[in-house]
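Comments concern the structure below.
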Amino acid sequence: MDSKPGQARAREEALTRWLKGICTTYDLMDLVIPDDVVLDHSAQSLEMFVDVMDDVDDVPDFDEAAAAYIGQTLLVLAGGEWGWDDAPDSSTFGQPLVVPSPELGLAPLAPIALMGEGDNAIIDTYVCWEQAVNRHTAAHPDWRPVKAHTPGLDLPTETSDSNCDRLSAWLVQRERGFPHWVAVYGSGTEWDFSPSTLDDLAGVLFRVTPTPEQFGDPTNAEFVESATWYLGETMRRADPGEWIAGERNFHLRKHPGDDWSPTPKLDLEGAVRDGNPLRLHNAFREWTTPCDATDRPEPEYRWTGTAWQTPVHDWVESIAARIDTLAGVIPSIVLDYSAESLHRLEAYCHTAGTDLGRDLAENLGAYVGEALLRIEGGCWTLDEAPRSVSFGRPVVHGDRYMSGQVSPIDLVLMACRWSAPGALTHAYKACERLAAEQVAKDPSWHPTREPTPGLDPAPAPTLVESWCTAREHDFPAWTARYGAGRTWDFSRNSLVDLADVVLTILPTVTQFQDPAHAAFVDEAAWYYGEVLRRAKPSRWDHNDNLDANDRWHRHVSALGPDTGFPLSVFVVQDLHSMVAGPLRDGRHFWPPDLIERRPKALRGHFDSWVTAALRERAKDALRRRNRKKSRRKQPDADYALTWTTTQAQQFPAWRQRYGTTLGREFSPESLDMLETVLRQITPTPEELLEDTENAEFLDVAAWYYGETVRRATHLAWKYDRNYGPDCYLSDDNTSLNPVYDLAATYRYYDIGALRDRYDHQTRQCGRASPQ
């Protein structure tokens, strides 16, 4: 019996299982790959992707998802389809294959195996396939690569003829039937596809399908489809794009190959589910606002003398007074956070209309938000998304089990604009429904919200709050006993005195770890942590699951998106490292007989703490710089000679413009002035490394610093296109990249980083003969 049909089915089933297994992780790549890597299957995206994929360690099955992205990118380039290698004697047996268009004469390959050959192999393969496509296209101008649709991985496309026909029929049907839809559901409104009509669309939506069940009811399908078409057309006519057909829904896109295709029907459904009519406006703004406006702004923090305050804190602290004021304005409404109170407030807003006033709208918003939080749990926060309708306004963010966030102030303003009441009660009922669903899943669940000052009892102090209060109370006695005559002003310089006191009182590891000195260490740790906390927005924290006497796990944590990752300093461990050397996995990094006390360690920790954001930005800028592949035609050695000669020739003009105060040329002391000039001309790493206007400045600065090191060592200038885009210094034992060292200066608090690096390099290499 012929086994080929069975083999074909087995191949298809194996490939289907593989694709289904990684499609979820494939979608998650947007969350773990840096924001500047746009996964659009272009040549540039592939170069950037292979440069960063090795840094992703913690996502299950990410390697397979990466292989899928590489394969998809090759298929977008050359056309073809996914296959499966089921040949037992093949080196890639049991792996998915990308099978390019047969006209190109390219052999199928396994992306998983290709990844094992390294980044260069991936890029070289892309270049090889691209050349084959170009050759075939030149010989056959009418030919275009055609890629088979990949379920689960491809974006919604209109490549299927049946999908094209389905979309065309749907668009014609919706446009022809819209006058009837208006007559039945929307009479009295001028449906001119302007953004102002989205208020009316939301009103109709919540009147006809106020619950998810009604939205999904087949009897309401015609209503929903026409509402979907109107929302999408309002977006598309404001900022041109096109409809495309997916497997289940119709989407919008602006350009072929876009990795974002909004789905108007899901926006409508989400509005109903969350009870949030503002989602329609947000969908419109996301579509019409340029992408470069989506950068998250830096949060605002101000030091009050005891803590870091944000606009959210100011808002929350004002809520009780706002609700008191509201009670005086509308004494006829009982403000008991009930659905009935919101229903009556809706009527009040409807009567007031646009004459409500800003202050009253904010007071009403404070009350509405508190009512919603009592149902769904959660906390107040600020909307920091620039394309959001409520950008910069306080919003209630539901419990982690609930859905999304909503601006109560904008709900109040919506209630004033709607032709009939409903904006507030729909939000309340949606919270009730979501809470009931959560209880059905987990009967032990109950809404948990952050307490509001003036409305809720003050929470009991946490372990770390009690510890800090006690330390602050005892600190004057500590300074009188151990630090009299010193300046304890919570400054960076005061850490020198702190280090001196600690190393004097506890000169050995044994003494530091002796429980008899725990009180002394606690006070020192508190002061050190306070210096850090006051230097940048941060707070004290503690793992409350640990024993209350475990002083090793009290730490200071940064607030806000400071570095892109949680930043904490364990204060007692930093003190311990100053006395005993650094730790690795709870053990001393160096053997006991090699431990060297490090009195400058605390100030070094401080510098790393306050410059953490710049340090990460410099690292990211360097990573982006290194992704740029070399296109230079010269041999590497010739390029190094040409580059150094060019910079030497440009240096006199460079010095006249930037460095007239460098001092004695190529001296260690001149590096301090070079660093000063660097910070004056390019105060951020992005300006140094990525601003094309500063490219000449950077080249000469890197040459001058490198030349200063070269003249004091036996290092020589070299260039290797596989090593990076910049010339560097090297000998048989060590190397130095001047551009890296210039970028590293941003992690230091004081001028002197280049001189320190120079001293280290000259000690390591030995000084060369005078030149």
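Note that the coordinates shown come from a computational prediction; the quantities given were computed from them, not determined experimentally. The analysis underlying the following values was restricted to heavy atoms, covering all of them including side chains, and did not include hydrogens, waters or symmetry mates.
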Between Thr325 and Asn363, is there a side-chain donor-acceptor contact under 3.5 Å, judged purely by atom types and distance? no
Please walk me through it: do Glu437 and Lys441 pass salt bridge (Lys or Arg N to Asp or Glu O under 4.0 Å)? CA-CA 6 Å; Glu437 291 174 359; Lys441 297 176 185 176; 5.6 Å; no
Pairs in or reaching into residues 422-442: which pass ring-ring contact (aromatic ring centres under 6.0 Å, His included), with residues at least two apart or in two chains? Phe206-His426
Are the charged groups of Glu233 and Arg236 less than 4.0 angstrom apart, N to O? yes
Under a 3.5 Å cutoff, is there a donor and acceptor pairing between the side chains of Trp181 and Glu222? no
CD/Glu175: more than 12 non-hydrogen atoms of other groups inside 6.0 Å: no
Could you check Arg533 against Ser538 for side chain to side chain donor-acceptor pair (under 3.5 Å), going step by step and ending with a plain yes or no? CA-CA 5 Å; Arg533 185 175 75 93; Ser538 49; over 6 Å; no
Considering only residues two or more places apart or on different chains, which pairs with a residue in residues 328-374 satisfy ring-ring contact (aromatic ring centres under 6.0 Å, His included)? Tyr337-Tyr367
Residues Thr381 and Gln405: side-chain donor-acceptor under 3.5 angstrom: no
Under 3.5 Å donor-acceptor, Ser390 side chain and Arg393 backbone: no
Hey, does Leu326 have a side-chain heavy atom less than 4.5 Å from the side chain of Ile333? no
Any residue meeting side-chain hydrogen bond (donor to acceptor under 3.5 Å, both in side chains) with Asp314, in chain and number order, not counting sequence neighbours: Arg302, Gln309
For the residue pair Pro264 and Leu231, what are the closest heavy atoms and their distance? O-CD2, 3.6 Å
List the residues meeting side chain to side chain contact (heavy atoms under 4.5 Å, CB included) with Thr452, not counting sequence neighbours, and say none if there are none. Val316, Ile319, Glu370, Arg449, Leu455, Asp456
Pairing donors with acceptors under 3.5 angstrom, does anything connect the side chains of Arg322 and Ser318? yes
Where at least one partner belongs to residues 182-192, residue pairs that pass side chain to side chain donor-acceptor pair (under 3.5 Å), sequence neighbours excluded: Asp192-Ser194
If the plane angle is over 60° it's perpendicular, under 30° parallel, otherwise tilted; pick one for Trp308 and Tyr301. perpendicular
Taken in chain and number order and not counting sequence neighbours, the residues that satisfy salt bridge (Lys or Arg N to Asp or Glu O under 4.0 Å) with Glu686 are Arg617
Between Glu530 and Arg534 (salt bridge meaning N to carboxylate O under 4.0 Å), is one present in this structure? yes
Test item: side-chain donor near acceptor, Arg174 and Ser226, under 3.5 Å: yes
Trp315 vs Glu362, test: side chain to side chain contact (heavy atoms under 4.5 Å, CB included). Steps then yes/no. CA-CA 10 Å; Trp315 168 260; Glu362 290 183 348; 4.3 Å; yes
Is there a donor-acceptor pair closer than 3.5 Å between any side-chain N or O of Arg279 and the backbone N or O of Val272? no
Flag, side chain of Thr197 to backbone of Asp200, donor-acceptor distance under 3.5 Å: no
